[in-house]
Every structure is written in C-alpha cells, then in structure tokens.
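What follows is one structure encoded as structure tokens, with my remarks underneath.
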Amino acid sequence: MDGRNWLVTDQGVCQELNAVEDEKILTAPYRLYQFLADLDRILDRFDDNAERLKRLCPRVRRLMDDSPWLQLQYTFPDPQKGWSVSMLYDEPGYPITVQMVAWEAGRVSTIHNHAAWGLVMLLDGEEKNTFWQRSPESEFPDRIEKASEQIFSSGDIICFLPDAIHSVEAMGDSPTISFNLYGITTYDRRFVFDPQARTAKTF
Ligand SMILES: [Fe+2]
C-alpha cells in the first residue's frame, strides 16, 4: 500500500520521515512473528526513537502488504465509545502494544499524548489529526495551544515521539481502520489535556 511517512515531534511539528532500510526483508510472505523479531532487534540496536521509527515504517508497510489477514483483524467501533481496539499480539510481560483500531465516522478523540513512541498506519478512511504544543503559563503549566493540523488517508504512516500531543477526528462516512504500534508507556507522563481549563490529567 503506497503512502507517505510522517513524524510528529514533541513540539507538535509534523514533518515527512524518510524511511531507512538497513537490511532487505528476504522472506516472503513477511509474517507477524518475523516483524516482531525485527522490531525487537531495531529497538535493541537504536535508542533514538526517530531512528527506530524510520526503520519500522518500511517493515510495517511490508507486513500490511504481505498479511492481508491482519487488515481484517478489527472489530466495528463500539457505538457508545465510538471506537474499538483489537490486540494483534498479547503476551504477558510483552510491553509493546500491537493493535488494530477502528473509529466511527465523525468521532473526535480526546487531546492526548502517548508517553511512548508510536506508529499508526491508516488502512481505510481519512483522519484529521490536530497537533498541539505546550505553552505553559506560571499558573497553568499544562496549557497547550494548537500547532497544526493535517488530513491523512489510507497508506499514510504517522509516527509520534513520546511527548507529541494530538487529537484525531474520523472523517468520511465509514469507520477508519488503522494498525497501531506503541512502545513502552510511561503512565505517569501520559496525559489528556483540556485546552479551555488549561489543565492536564493522567489516564
Ligand atoms: Fe493517539
């Protein structure tokens, strides 16, 4: 699936990310367990999150191309919440999140960071991302303001640094489907923000 790769910085800047392929993928099809082994190796080898994400983008793209069954491993959004999450790999003690997420058309997420590096590949539909930056005031250290917004469509990969703050709106009239990968979450640094009240709370 063709598309572009993007990186959202901790300051809410969204810039194109150039993929790096240090090693060719020699196996066909490229299976989930092989991807997970490559993921572990890349995380061990590189400490810098942007360097990790540059190398993960082409592998995620290849995984999605080679494993059409993965693209079907989602459930329809819960009508109450507006979204659903399906874990693709779940092992006790395995700290990386590998999941499919579906959002009901028209829904808007909270404004949040992930406190972990993240990679989202949009597989179906269009999503508008709004990126926010911290703009603290002495009385309101968690004040944020809007930095930019961008619409992504299927095939696009959006990567996030741990303090990137965003909110997502599902566009169109059918659910959006995405493959999501997140690193180890630092829960006491994961926030949902309220720009009107100029506050943030952990979740
Ligand atoms: Fe998010």
Side-chain angles (χ1 to χ4, degrees), residues 3-17 39 49-50 52-53 56-57 60 64 71 73-78 80-90 95-135 142-172 175-195 199-203:
R4 293 162 81 183
N5 307 319
W6 301 92
L7 178 73
V8 186
T9 68
D10 292 335
Q11 291 73 38
V13 176
C14 181
Q15 57 202 30
E16 194 146 7
L17 182 67
L39 169 63
N49 287 320
R52 292 167 161 180
L53 291 160
L56 289 172
C57 283
V60 167
M64 289 300 128
Q71 299 196 29
Q73 300 304 303
Y74 65 87
T75 48
F76 277 92
D78 176 301
Q80 225 118 65
K81 292 186 297 187
W83 50 270
S84 74
V85 167
S86 310
M87 298 299 278
L88 293 176
Y89 184 74
D90 201 5
I96 309 291
T97 306
V98 189
Q99 63 192 15
M100 297 293 278
V101 177
W103 271 94
E104 196 170 82
R107 293 287 188 137
V108 184
S109 77
T110 58
I111 303 171
H112 60 275
N113 70 342
H114 285 268
W117 58 262
L119 182 156
V120 175
M121 181 169 180
L122 199 53
L123 300 169
D124 204 6
E126 281 196 332
E127 285 184 351
K128 182 167 91 178
N129 258 262
T130 303
F131 304 115
W132 303 76
Q133 62 185 343
R134 282 186 171 274
S135 180
D142 292 318
R143 177 177 179 267
I144 56 167
E145 55 188 38
K146 215 177 263 190
S148 62
E149 55 184 41
Q150 193 166 327
I151 294 174
F152 300 95
S153 47
S154 61
D156 283 331
I157 295 181
I158 312 114
C159 297
F160 297 94
L161 293 183
D163 289 324
I165 303 167
H166 76 147
S167 50
V168 182
E169 179 179 352
M171 317 279 282
T176 63
I177 313 295
S178 60
F179 170 84
N180 291 237
L181 194 61
Y182 296 102
I184 300 170
T185 305
T186 311
Y187 285 98
D188 61 351
R189 292 187 52 84
R190 191 174 187 202
F191 303 107
V192 61
F193 294 85
D194 181 337
T199 55
K201 55 176 195 264
T202 52
F203 75 112

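Along the sequence shown, residues are numbered consecutively beginning with 1. The structure presented is a predicted model; accordingly, all values stated were derived computationally and were not measured. In listed order, ligands and their atoms are each counted from 1.
Taking a cutoff of 4.0 Å between a charged side-chain nitrogen and a carboxylate oxygen, Arg143 and Glu145 qualify as a salt bridge. Taking 4.0 Å as the cut-off between side-chain N and carboxylate O, Asp142 and Arg134 count as a salt-bridged pair.
In this structure, the side chain of Thr185 does not engage the main chain of Ala116 through any donor-acceptor pair within 3.5 Å.
Ring-plane geometry between Phe160 and His114 is classed as tilted, the angle between the planes lying from 30 to 60 degrees on a 0 to 90 degree scale.
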Distance-only criterion, 3.5 Å: show the donor-acceptor pairs between side-chain atoms of residues 147-157 and protein atoms not counting sequence neighbours.
{"from": "Asp156", "atom 1": "OD1", "to": "Arg4", "atom 2": "N", "distance (Å)": "3.1"}
{"from": "Asp156", "atom 1": "OD2", "to": "Ser153", "atom 2": "N", "distance (Å)": "3.0"}

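Closer than 2.8 Å to the Fe ion (ligand 1) sit the protein N, O or S atoms His112 NE2, His114 NE2, His166 NE2.
Between the CG atom of Leu181 and the CG atom of Leu119 there is a distance of 5.5 Å, given to the nearest 0.5 Å.
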